[in-house]
Amino acid sequence: MLLNAYRFIAGNGSLEGIRAMLAGYRMYREQVSVTGEAAQLSFTRAWTLVRFYERGMLKPARCTCCGGRYVAHAHDLRRRFVCGLCMPPARVGRGRKAAPSAATG
Ligand SMILES: [Zn+2]
């Protein structure tokens, strides 16, 4: 949501850099407050997110499983992107049973 607001404002050409970021963050906070949820992103985290996005480290991606739109690490996009809801990371719920034999030695 934040990146969409930022890209819209920056793409519009009227504001750029930190000003576009501030306007985008303000828009993000307004949208979140309408839903009554707490904002998940502090300004510092939002600014970091935008910087990573601008440097090409993060890219918009569409999940090949559910079709949802996400932001993903550029490295992950070399393969087919599947979101965390469709395929949770291995450490969630799995992988713990493989460890005990190593711990007894
Ligand atoms: Zn998905």
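Counting convention: from 1, in listed order, for ligands and their atoms alike. We count residues from 1, following the sequence as given.
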Can you list, pair by pair, the side-chain donor-acceptor contacts under 3.5 Å of residues 20-28, counting residues two or more places apart and other chains?
from: Tyr25; atom 1: OH; to: Arg29; atom 2: NH1; distance (Å): 3.4
from: Tyr25; atom 1: OH; to: Leu41; atom 2: O; distance (Å): 2.8
from: Tyr25; atom 1: OH; to: Phe43; atom 2: N; distance (Å): 3.1
from: Tyr28; atom 1: OH; to: Gln40; atom 2: N; distance (Å): 3.1
from: Tyr28; atom 1: OH; to: Leu41; atom 2: N; distance (Å): 3.1

Let me check something: any side-chain donor-acceptor pairs from residues 46-56 under 3.5 Å, sequence neighbours excluded? List them with distances.
from: Thr48; atom 1: OG1; to: Thr44; atom 2: O; distance (Å): 2.9
from: Tyr53; atom 1: OH; to: Arg7; atom 2: NE; distance (Å): 3.1
from: Glu54; atom 1: OE2; to: Tyr6; atom 2: OH; distance (Å): 2.6

Distance-only donor-acceptor pairs under 3.5 Å for side chains of residues 58-75, two or more places apart:
from: Arg62; atom 1: NH1; to: Gly67; atom 2: O; distance (Å): 2.9
from: Thr64; atom 1: OG1; to: Arg80; atom 2: NH2; distance (Å): 3.4
from: Thr64; atom 1: OG1; to: Phe81; atom 2: O; distance (Å): 2.9
from: His73; atom 1: ND1; to: His75; atom 2: N; distance (Å): 3.1
from: His75; atom 1: ND1; to: Arg78; atom 2: NH1; distance (Å): 3.1

| said: So which atom in Met87 and which in Val82 form the shortest heavy-atom distance, rounded to 0.1 Å? | reply: CB-CG1, 3.7 Å
| query | Around the Zn ion (ligand 1), how many protein N, O or S atoms are there at under 2.8 Å? | reply | 4
